[in-house]
Amino acid sequence: MLDKRYDFKEIEKGKVKKWKESGYFKAGDTSKLPFSMVIPPPNVTGVLHIGHAIDNTFQDIIARYKKAKGFDVLYLPGVDHAGIATQAKVDAKLKEEGTDRFKIGRENFLKEAFKWKEEKSDIIHSQWEKMGIMIDYSRERFTLDEGFQDAVYKVFKTLYDEGLIYRGERIVNYDPEMKTALSNIEIVYKEDKGHFYYFKYRFVDEPTKYLEIATTRPETMFGDTCIVVNPNDERYKDIIGKKVINPANNEVIPVIADEYVDIEFGTGAMKCTPAHDPNDFIIGQKYNLPHPIIMNVDGTMNENCGKYASMDRFVCREALLKDIKEHDDLIKIEEITHQVGHSERSDAVVEPILSKQWFVKMKPLADRVLENQKSENKVKFYPERFENVLTRWLSNIDDWCISRQLWWGHRIPVWYKNGSEEMVVSRTCPGKEDEWKQDEDVLDTWFSSALWPFATLGWPKETDDFKRYFPTSCLVTGYDIIFFWVSRMIFQSLHFTNNIPFKDVVIHGLVRDSLGRKMSKSLGNGVDPVAVIDKYGTDSLRYFLATTAAPGLDMRYSEEKVQAANAYLNKIWNSARFALMNLPNDYKFEEMDFASLNEVDKFIISRLNETILKVTNAMEKYEFGIACQILHSFVYDDFCDFYLEMCKVTLQNDSFNKKSTYYTLFKSLKSIILMIYPFAPFISEEIYLSLSEHKDSIMLESYPNSESNISFDESNVLFVKNVIEKIRSYKVDNSLAPNQKISLKIKTNKNISSLISYIERFTFASNIELTSEERHDLTSLVINDGIIYIDDNISKEEKLNKLNLQLENINKEIKRSEALLNNEKFLAKAKKEKVDEEKEKYQKYKEKKEILEEKIKNI
RNA sequence: GGAUGUUUAGCUCAGCUGGGAGAGCAUCGCCUUUACACGGCGGAGGUCAGAGGUUCGAGCCCUCUAACAUCCACCA
């Protein structure tokens with residue numbers, strides 16, 4: 001028997017261990033159809049946050065649902081080495097220990113990093129267990145494991161041979177703190193306060209005159225190679241071709257003309273720094289200008305900056321300003337707010353610097369995705385609109401900078417021959433060790449993540465898993481990594497497996513704090529899922545996440561809602577207790593013919609049947625919020641508030657068929673817990689195992705089916721329900737205690753003789769009589785299909801008032817109905833059922849009206 | 001500058017292909033009736049942002065407007 005209290009701590013204890021040991025999480029039953037999913041591998045940077053919780057909850061709901069639906073479900077776990085993020089953490093740890101990676105060397109650094117990975121993986125494992133997700137631990141992968149080494153090499157080599165990977169000099173964004181190049185999407189633009197500095201660039205032939213040039217980054221002036229004006233700019237027509245002096249280093253540079261310059265912006269004259277600005281770089285190439293690099297990758301000035309060399313870029317800026325001011329070449333400083341690129345990871349202001357990096361040529365790969373999205377075999381997005389996010393980005397994409405000046409990651413498999421231009425793609429040294437040197441850099445972490453859905457299944461080997469589970473069925477992730485990850489998986493998968501990586505992508509939003517702010521470390525407003533679990537239980541957290549998240553929309557964390565989830569589960573718990581208390585201990589479930597059931601049993605079975613159908617439909621569309629809503633309404637309104645209360649009568653009254661009620665209780669309860677199970681597996685398992693008849697685990701059960709052959713006329717039961725509700729509100733209206741005894745007569749053509757004991761119990765009525773005669777002496781409540789007479793000794797006047805009130809309401813309804821039915825277009829164009837329904841209502845209103853008028857007359 | 005999303009009860013939000021507005025919390029009244037006070041019963045509270053349009057019928061479809069949010073691209 002279940003405890004009185006829903007004690008989630010007690011219930012959730014030990015279940016995952018049991019599930020894991022029993023092998024229920026393991027995929028591989030080839031007698032079933034496969035359904036596969038990969039976990040978005042969390043970074044081994046730290047603990048999981050609420051964002052992971054929502055990901056994993058959605059996935060686990062799908063996994064458990066599909067398993068119950070009869071699929072061989074593979075839910076494959078793993079972790080991501082997360083190059084730059086993890087390296088930053090390990091760097092910080094080394095710094096704390098008073099050393100750094102350069103002191104200990106590459107090999108030792110990697111040892112440290114792997115140690116770090118092991119530690120963090122352990123934490124992640126324990127958190128997965130807390131979440132109760134049914135991942136197949138036997139298939140866990142890591143983006144740096146041996147299989148991945150094979151996959152990454154194969155991809156790099158192939159793309160290189162196809163000319164889709166190249167090495168080139170480009171302006172790339174540098175993170176001066178991490179000292180590595182970044183890809184475009186690793187830059188976060190923020191609105192920062194800055195300055196616009198106006199300088200005098202004096203003419204060589206006439207030093208009293210000057211051009212006014214503005215810049216936000218004076219330190220880059222050391223890299224200026226010319227001034228550019230628009231050829232159509234009347235102000236500057238005469239100075240094109242003249243020479244001016246760069247006030248930073250007194251170098252003489254020419255004024256050239258190019259239409260790129262916006263006449264309206266700033267002074268209309270722009271300094272050009274080809275090695276430190278992407279647009280300037282293009283101009284530089286066009287006019288074959290020199291492109292001096294004036295900064296080091298750590299953000300310090302280099303030897304091209306004279307006395308400013310080795311200064312930090314911002315220190316240099318101030319020093320340079322001071323000097324220029326002294327030479328009277330500073331005109332003014334304006335305060336501005338502008339968008340400044342920051343490194344996504346370190347938050348440092350990124351610095352565009354010309355350098356040699358490896359790139360993936362994106363256009364052919366992107367085009368293939370765009371082409372495929374027009375075909376039958378496209379990746380389906382839920383909600384659909386996120387497909388546009390993907391395609392728009394891919395339609396206008398830059399090449400992908402994949403080299404990172406880091407140590408933690410897949411090292412670029414390219415070897416350079418000393419003192420020559422020769423390079424070879426190879427995993428191992430292609431010749432004598434002292435003649436060849438491997439590229440120092442590693443690949444962008446997303447380069448390996450992009451292979452996740454197929455590399456985890458064994459690719460490039462044609463393994464059984466790969467053959468059986470690829471393409472995967474579904475991917476669940478947040479919209480924030482569509483570019484980083486989803487898109488890259490799709491193009492790599494199409495290119496290398498000729499197939500999409502997953503059929504469906506389910507996109508959810510971000511979890512924000514209770515004030516709607518993004519959770520961030522600096523705000524300290526993050527919600528720790530483990531803390532929530534400790535306080536309210538995994539099931540409550542899961543239910544909260546599943547029901548609060550509308551597809552693709554952000555949600556706010558709300559402790560109240562977690563509490564509400566907990567209260568709901570408590571309700572289910574107690575309804576189960578009630579059912580189990582009333583079922584015989586040795587109850588054996590046997591199917592029963594629907595026709596042989598008691599009336600209220602038929603009612604609830606029929607409602608249950610509808611609920612199963614609706615819930616299943618919602619589940620198939622990944623509409624978890626809707627599924628839960630439907631189930632919630634069934635559990636409360638139909639099952640608990642109505643049916644279980646009715647059972648209290650049924651089970652104590654020998655005139656009812658108890659077998660029917662046992663059957664109905666058992667079947668309803670079992671169906672409810674099976675439907676709530678994907679959302680709240682722990683409580684469901686606990687209740688399931690308390691059933692008098694059960695398997696070893698709810699994980700072995702099948703999802704309930706809705707039966708198509710059940711049809712039931714609810715009207716008798718609804719009439720009874722209506723009577724009970726009307727009497728209850730009558731009592732409140734008349735300040736009667738709920739348990740006040742009253743005497744009722746009911747006139748109806750409904751067949752409710754078998755249901756009278758229910759009315760008695762719930763209205764505290766004695767002497768309920770079914771009558772066929774009109775009673776004008778009693779208070780009358782005219783309801784659908786009948787009249788309730790209450791013997792309450794109130795005055796004639798009051799009786800009349802009550803009747804008039806009822807009449808007023810009916811007249812309103814009749815007016816509404818008539819308006820509709822007199823509208824010929826409605827009759828002609830609306831669906832037939834709709835019209836019939838309205839006509840039927842109209843008839844009932846008319847009947848009620850007649851009765852009421854008759855009564856008023858007779859009083 | 002381009003795109004997308006949001007605007008529904010006091011608060012936080014659902015509302016799936018158009019057919020008489022829902023939940024949770026809060027609130028008011030009554031009830032400790034042996035499943036549940038993490039409860040029950042009853043109630044109050046919404047011209048569904050605004051303006052047009054399509055339709056017999058619009059919270060839902062179309063157009064425009066406003067506010068807010070997010071993403072992308074950014075002029076030195």
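The chains referred to below are lettered A, B, ... by the order of the sequence lines, with proteins before strands, and numbering in each begins at 1. What's counted below: heavy atoms across the whole structure, side chains too, no hydrogens, waters or symmetry copies.
Of the candidate nucleotides B:G39, B:A76, B:A73, B:A73 has the atom lying nearest to any side-chain atom of A:Q339. The A:M581 side chain lies nearest to B:A35 when the options are B:G39, B:U70, B:A35. Considering only side-chain atoms of A:K831, the nucleotide from B:G19, B:C36, B:C25 that sits closest is B:G19. With B:G15, B:C71, B:G29 as the choices, the nucleotide that has an atom nearest any side-chain atom of A:V732 turns out to be B:G29. Distances were taken from every side-chain heavy atom of A:N570 (C-beta onward) to each of B:C56, B:C38, B:C75; the shortest belongs to B:C38. If you check B:G19, B:C25, B:C13 against the side chain of A:F826, the one that comes closest is B:G19.
Looking at heavy-atom distances under 4.0 Å, A:F484 makes no contact with the nucleic acid at all.
Positionally, the nearest nucleotide of RNA chain B for A:R556 lies more toward the 5' end than for the other of A:R556 and A:N566. Along RNA chain B, the nucleotide nearest to A:S558 and the one nearest to A:V389 differ in position, and the one closer to the 5' end is contacted by A:S558.
Within 3.5 Å, a donor on the side chain of A:Y845 pairs with an acceptor on the base of B:G20, or the reverse. Between the side chain of A:R816 and the base of B:G20, a donor-acceptor pair under 3.5 Å is found. A:E645 contributes a side-chain N or O that forms a donor-acceptor pair with the base of B:A35 under 3.5 Å. Side-chain to base pairing of A:E838 with B:G20: no donor and acceptor N or O lie closer than 3.5 Å to each other. Counting distance only, with no hydrogens placed and no angle test, the side-chain atoms of A:K834 and the base atoms of B:G18 include no donor-acceptor pair under 3.5 Å.
Put simply, NZ on A:K848 and CG on A:N811 are 12.0 Å apart, with the number rounded to the nearest 0.5 Å. How far OH of A:Y587 is from CG of A:L665: 9.0 Å, rounded to the nearest 0.5 Å.
Residues A:E212 and A:Y198 come closest through the heavy atom pair OE2-CD2, 3.7 Å.
The nucleotide B:C41 finds its pairing partner in B:G29, both defining distances of the Watson-Crick or G-U wobble pair being shorter than 3.5 Å. Pairing of B:G46, defined by two Watson-Crick or G-U wobble distances under 3.5 Å, is not identified with any nucleotide. Across every strand in view, B:A66 sits in a pair with B:U7 that passes the Watson-Crick or G-U test at under 3.5 angstrom. Across all strands shown, B:G59 remains unpaired; no Watson-Crick or G-U wobble contact has both distances below 3.5 Å. Figure legend. B:A35 is base-paired to no nucleotide; pairs are counted as Watson-Crick or G-U wobble with both atom distances under 3.5 Å. Base pairing annotation: B:G1 forms a Watson-Crick or G-U wobble pair with B:C72, both donor-acceptor distances under 3.5 Å. Under the Watson-Crick and G-U wobble criteria, each requiring two contacts below 3.5 Å, nucleotide B:C16 is left unpaired.
Atom name P, nucleotides B:G45 and B:G10: the rounded distance is 11 Å, in whole Å. One P atom belongs to B:G5, the other to B:C61, and the distance between them is 10 Å to the nearest Å. For the P atoms, the distance from B:A23 to B:G15 is 15 Å, rounded to whole Å. As rounded to the nearest Å, B:G50 and B:U8 have P atoms that lie 10 Å from one another. Rounded to a whole angstrom, the distance from the C1' atom of B:G19 to that of B:U55 is 12 Å. Nucleotides B:C75 and B:A58 have their C1' atoms positioned 46 Å apart, rounded to a whole Å.
With respect to the salt-bridge test (charged N to carboxylate O, under 4.0 angstrom), the residues A:R761 and A:E645 do not qualify. Contact check on A:E838 versus A:R816 returns a salt bridge, with a Lys/Arg side-chain nitrogen under 4.0 Å from an Asp/Glu carboxylate oxygen.
Side-chain N/O atoms of A:K571 include one lying less than 4.0 angstrom from OP1 or OP2 on B:G40.
Between A:F58 and A:F624, the two ring planes are perpendicular [angle over 60°; tilted spans 30° to 60°].
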